[in-house]
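Below you'll find the structure, written out as structure tokens, and then a few comments.
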Amino acid sequence: MRSRVSFPFSTIGTKILIAITGLAMFLFLIVHMAANLLLFVGPDVYNGYSHKLISNPLIYVAEAGLVLLFVVHVFNAVTNWAKNRGARPVGYTKKAWAGHTSRKTVASSTMIYTGVVIFVFTVLHLVTFKYGPWYETTHDGQTMRDLYTLVVEVFRQPAYVVGYTVVMALVFLHLRHGVSSAFQSLGWNHPRYNRLILGFGYLFAVLIGAGFALPPIWIYFTK
Amino acid sequence: MKLNLQVWRQAGPDATGRLVDYTARDIDPDMSFLEMLDVVNEDLIKKGEDPIAFDSDCREGICGTCGCMVNGIPHGPDRGATVCQLHMRRFKDGDTIVIEPWRARAFPVIKDLVVDRSALDRIIQAGGYTSVNVGAAPDANAIPVPKVDAEEAFEYAACIGCGACVAACKNASAVLFTSAKLSHLHLLPQGQVELSQRAVRMVEQMDAEGFGSCSNEGECEAVCPKGIRIEGIARMNRQFVQATFVARPERTAGGV
Amino acid sequence: MTLDAKIPSGPIEGKWDRHKFESKLVNPANRRRFTVLVVGTGLAGASAASALGELGYNVVAFCIHDSPRRAHSIAAQGGINASKNYRNDGDSVYRLFYDTVKGGDYRAREANVYRLAQVSSDIIDHCVAQGVPFAREYGGLLDNRSFGGAQVSRTFYARGQTGQQLLIGAYQSMMRQVDAGTVTLVPQREMLDLVVVDGAARGIVTRNLVTGEIERWAGHAVLLCTGGYGTAYYLSTNALNCNVTAAWRCHKRGALFANPCFTQIHPTCIPVSGDHQSKLTLMSESLRNDGRVWVPKKPGDARKPQEIPEAERDYYLERRYPSFGNLVPRDVASRAAKAVCDDGRGVGTTGLAVYLDFADAIHRLGEETIRNRYGNLFDMYKRITDEDPYKVPMRIYPAVHYTMGGLWVDYNLMSTIPGLHVLGEANFSDHGANRLGASALMQGLADGYFVIPYTLAHYLAGAALPPVSTDHAAFGEAVAGQQARIDRLLKVKGDQTARELHRALGHVLWDNVGMARNEAGLRKALAAIPGLRDEFWARISVPGDATNMNKNLEYAGRVADYLEFSELLALDALERRESCGGHFREEYQTPDNEALRDDVHFAHVAAWEFAGVGRPPVRHVEPLTFEYAKPSQRSYK
Ligand SMILES: Cc1cc2nc3c(=O)[nH]c(=O)nc-3n(C[C@H](O)[C@H](O)[C@H](O)COP(=O)(O)OP(=O)(O)OC[C@H]3O[C@@H](n4cnc5c(N)ncnc54)[C@H](O)[C@@H]3O)c2cc1C
Ligand code: HEM
Ligand code: HEM
Ligand code: SF4
Ligand code: F3S
Ligand code: FES
């Protein structure tokens, strides 16, 4: 049988790693997005939730996990992209969309670009928030980081709002192809459920994109 | 009809090629696309010029010999058809048609529109068969096969090995072709026996030939003249994972 | 020369078993020392290469195509016969044997046909084990249909793509042997000559179609599996690369060519639509199970088919052959179509077509049922003609489809050159004067999987075959000859294309050596062909050179061979002064226009010996005896 060591370096193994890490990050994003929606409920709830999260010692494990997912995803996605380009050294003068059942979309054709933007964004994003200014607040007698204020402060600036909204559009694109694609990569294709899978991927891409984009816009116009 | 053609001309594997303009005159809408090229070639031959090299044989969509890009789509715009089945009534008088060969590292150009697709044979060679010797087979009806399975296996067995899937894919991936063979054999009891080994060896060969991986764009399915579905690719991925992580390792007999 | 068919003695049922037992064997350890050159990878070639590879011979397999899977066998639609009797409808080895001999109009060798029927069951077993997805019933067992007018259901099929599936099965088995190292695959090669050393076939000369190089290959035996010569007629249902070249060059080296005039014209093809046409497309014979064939009663009736009332239609097959109706054998159906068109009652713009009408069947069974049965074929028809056969009747016309003639072989499939074995459509073997539907696939696979492994071993074990290297003078002579020929083709630089000359030859053959032949027409053809040949060599244009891929050069070479071969085709038709099967001589017919056989003078195989281009060849005869299937007048009334 095939050695498990070389599995990740096969075309299929690579894609399966991208899919697993992509899906895991997709789950993280759902949670993260849902948490962000707590901003609508109010400072106390949002800060309280964040505090519980940050103060849990397991968070370091989770963060390490996230970093690993991210690195594995990015590494494989980039090397895979480079190899794929090498598979067609001479391109076509004219290439058209095949139509019919093709799943090729703007989203699928720009995965590497949306991915790179997300990469850059994530670094900046962490600098802005995670390693950003440290405000404090007290709630129920507990002192905790006041992320709410930070978020509001950030999104009062139009440049951030515009920047984030654009990136969220790209996140939508990445996931619009990525989620259903990951199912296919992992072997989940069944004629009875394919429309469901494609619909699910699309729906969640929209939800995540919109769910993330909403708070900044809302903050900008109301706070 | 009169048509303007831009055809890729390349004298040999190492020569540099370019698009050359030709005019196809007196084209009858009932002609097939390749018959239109025949007409152009007749003209060239009469002028003592080298005719456009393109491959074809059955001219009815079953042998998989023909194939070229027609305005950016492998085998042209008709669904479920090879370029030899494409008819000129699909085009309008005065249209410009760009004709290029399949492009992939694993399909080097031999001349003009002819490419070397032997990589596909080597993928089959790496396990795309059942190991049964002549004379050893049991009675054909000894193993019943559910009709749905046989029909489904047929769907994949219908692949003609034309390489359009590779040509269409932005990654020049041969997964549709490879998975078609794996699915064909997997869906039949006769093919189950060597399933794991076959999946691993064929995928390894596919990789070794320099084909890309699959980004699940499904362009291959859309251009495949035989309607091979990407469901097969998903099945192949499952098989590959199970062959790597689940299947029992082979025991090698010690000593001689 | 006496032609010894080497038919084993004894009762027909035991001949093959006895022969197998009495044949010599090659020791397993010695097999790899024998190099077998297999030319062609269609059903016959691929099955032979895989079977011999499995046994351990050192096989080298050649084909013209870029992949062995593209051989013309891939195009076969209808099915493959086998005497399994899974239907319990009275089939048996004996019945398959009998039907095949009768279908061939008593011009096939009984012992060969019996063997074919015997191994037919094993073919199905083997193919199923290879994973050939034959049609099945809901119970999971194999489905059968009746085909080509047989009264039992013995045809196994895989939708309308049986040939494809069988070929892929054989191809995969062969690739398994390539993997195992017993078979070396050499695609993109055209065999140009046979090398005979000390009277035995010891090698071949090929042209590498990619580099243009002329190459030499030495071996202990050559298996020629290069298919039929239907494309001599220019338009046919055969693939464009089909050719007589390999067989013809062997003929020139001394192999006798048997019954070249036995060609099959298939009744249901899409008619010619114009001069530009490069090939004809077959519409599976199975369509005649539900379609009704008709033409208007009135000559020159230009109305649309829907506007012609029932009373003014002539369902001529049903009228002439009430018991078989639309299901009469191919030769009969084809001739009947020609007769009504000659009458001026043909339809379509050319007047060379008849209707195949599904209106009744659609009315009776519903469009859905018809779609399930023939959907693919209807789509194919629509794609080509732009007409919807669910609404208007199909137009069909006969076209050249198969060639029963081929190199003469004995019971061991060996030609008159020791060591040169000929398999599949390339030999003249088992179909007599007319092939029944679904029997060519059977024959190709029988030859390759089940016959040649025994008979080749017998030859190799019994012959003294001293080592021969490719430096041998015979190779040098063959290479020089081929090089000279190619140079000559390139040097003419005339103003005619190979296609134009091929088309011209096609017209001559179709008009004079087609569905109905007569002495005057045949003499006309015999007079015209040498003229065309001279024109070819004086006016052919082959641009480019021979040092890389040059498809036009390949094609010109094949047309040149057809221009020599066609003379033999016409001559054989002239000399066979009887009508039988696909060979219909107008002078020899019954009062109601059926073929009139002459068993007294022509119950034989005519095998021709080459005497030089343009020189009259020598006609040899192998008498045929019918001990079991007694000749009778075929009647489908
Ligand atoms: C449209 C169509 C439908 C048919 N349907 C049926 C059917 O339903 N049932 C049935 O029983 N029969 C059918 N037949 C007949 C049957 O398909 C063929 O007779 C049979 O497949 C021939 O097989 P083969 O192996 O002898 O030759 P082929 O399949 O023709 O193979 C010839 C091989 O020789 C190679 N070759 C040729 N010339 C050279 C050369 N000079 N040098 C090197 N290599 C060479 C080619 O590359 C190829 O590999 C059909 C035929 C046609 C045309
Ligand atoms: C939050 C972060 C991200 C998520 C949730 C995510 C999610 C996904 C998912 C689900 C897929 C589909 C996997 C498959 O088809 O099997 C995918 C593919 C891809 N991702 Fe990401 N991704 C993220 C970040 C990135 C980054 C940072 C990059 C690169 C720089 C990147 C590049 C790619 C590429 C190129 C693909 C396509 C691979 C292919 O099919 O060819 N992604 N991603
Ligand atoms: C408007 C949208 C977003 C808002 C308001 C937001 C807000 C935040 C905040 C406040 C933090 C800091 C949490 C902490 O330090 O504990 C954070 C962390 C993080 N965000 Fe976002 N985020 C948004 C979108 C995104 C997107 C689109 C991604 C990914 C592509 C992302 C990835 C992350 C990551 C990886 C962390 C670090 C988590 C950790 O280390 O625990 N965020 N985000
Ligand atoms: S999968 Fe389809 S496109 Fe690809 S080689 Fe097979 S038939 Fe051609
Ligand atoms: S087009 Fe290419 S990306 Fe995959 S689904 Fe088909 S191989
Ligand atoms: S020539 Fe055979 S598929 Fe087109």
Side-chain angles (χ1 to χ4, degrees), chain B residues 11-12 28 30-31 34-35 38-39 42 44-46 48-51 53 55-60 62-65 81 85 87 89 110-111 114 116-118 120-121 124-126 128-134 137-141 144-147 150 153-154 157-158 161 184-185 188 190-191, chain C residues 50-51 54 65-67 69-70 72 74-75 84 86 124-126 128-131 133-134 136-142 158-159 161 164-165 168 172-173 175-176 178-179 187 210 239-241 273-274 276-279 281 383-384 386 449-450 453 493 495 497 499 541 543-544 548-549 551-552:
Chain B
D28 184 319
D30 282 337
M31 280 184 191
L34 298 186
E35 284 166 356
D38 286 343
V39 169
E42 288 288 288
L44 290 174
I45 296 171
K46 290 209 161 222
E49 290 174 35
D50 207 13
D55 230 343
S56 79
D57 197 25
C58 73
R59 298 226 171 166
E60 53 182 73
I62 192 71
C63 72
T65 310
Q85 293 176 294
H87 280 76
R89 57 181 88 93
I110 294 176
K111 186 176 182 184
V114 184
D116 178 357
R117 290 171 291 193
S118 54
L120 300 182
D121 286 323
I124 299 297
Q125 180 186 329
Y129 45 72
T130 63
S131 296
V132 53
N133 283 3
V134 176
D139 184 84
N141 262 346
V145 181
K147 188 176 165 70
F154 183 96
H184 158 209
L185 295 172
L188 295 169
Q190 289 80 8
Chain C
S50 66
E54 285 160 14
H65 302 90
D66 68 330
S67 163
R69 64 184 294 155
R70 310 209 196 281
H72 170 58
I74 201 102
K84 281 281 194 188
Y86 280 156
I124 303 301
D125 296 345
H126 187 58
V128 166
Q130 285 174 333
F134 283 122
R136 288 179 184 267
E137 296 173 331
Y138 281 103
L141 303 179
L142 294 164
R159 295 205 194 153
Q161 302 165 28
Q164 179 198 28
Q165 292 310 318
I168 287 179
Q172 286 172 186
S173 285
M175 294 313 282
R176 172 172 164 244
V178 174
D179 196 34
V210 176
L240 268 59
N241 287 318
S273 75
H276 53 75
Q277 195 133 358
S278 56
K279 79 159 293 224
T281 302
R383 183 169 279 144
I384 293 173
D386 210 22
Y449 286 137
F450 295 104
K493 295 198 190 300
D495 59 349
T497 67
R499 189 176 299 274
S541 165
N548 66 6
M549 176 172 274
K551 297 212 167 267
N552 190 43

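Residue numbering restarts at 1 for every chain, and letters A, B, ... go by the order of the sequence lines. Quick caveat, the model's predicted, so the values are computed rather than measured.
In terms of heavy-atom pairs under 4.5 angstrom with chain B, the leader among C:His72, C:Lys84, C:Lys493 is C:Lys84. No other option in C:His276, C:Met549, C:Met175 has as many heavy-atom pairs under 4.5 Å with chain B as C:His276. Annotation: maximal heavy-atom pairing with chain B below 4.5 Å, among C:Arg70, C:Gln172, C:Glu54, occurs at C:Arg70.
When the side-chain hydrogen bond (donor to acceptor under 3.5 Å, both in side chains) test is applied to C:Gln165, no partner is found at least two apart in sequence or on another chain. The ring pair (Phe, Tyr, Trp, His ring centres under 6.0 Å) search around C:His126 returns C:Tyr449, not counting sequence neighbours.
Using a 4.0 Å cut-off between charged nitrogen and carboxylate oxygen, B:Asp55 and C:Lys551 count as a salt-bridge pair.
Contacts of C:Ser541 with chain B are made by both backbone and side-chain atoms, with heavy-atom separations under 4.5 Å. Interface remark: C:Asn548 contributes side-chain atoms only to the contact with chain B (heavy atom separation under 4.5 Å).
Using modelled atom types, one side-chain atom of C:Gln164 and one backbone atom of B:Ala158 make a donor-acceptor pair closer than 3.5 Å. With B:Lys147 contributing its side chain and C:Arg136 its backbone, the two residues share a donor-acceptor pair below 3.5 Å. Side-chain N or O atoms of B:Asp57 include one that pairs as donor or acceptor with a backbone N or O of C:Asn241 at under 3.5 Å. For C:Thr497 (side chain) and B:Glu42 (main-chain N/O), no donor-acceptor pair under 3.5 Å exists by modelled atom type. Between the C:Ser67 side chain and the B:Arg117 main chain, no donor and acceptor come within less than 3.5 Å of each other. A donor-acceptor pair under 3.5 Å links the side-chain atoms of B:Asn141 to the main chain of C:Leu142, judged by distance alone.
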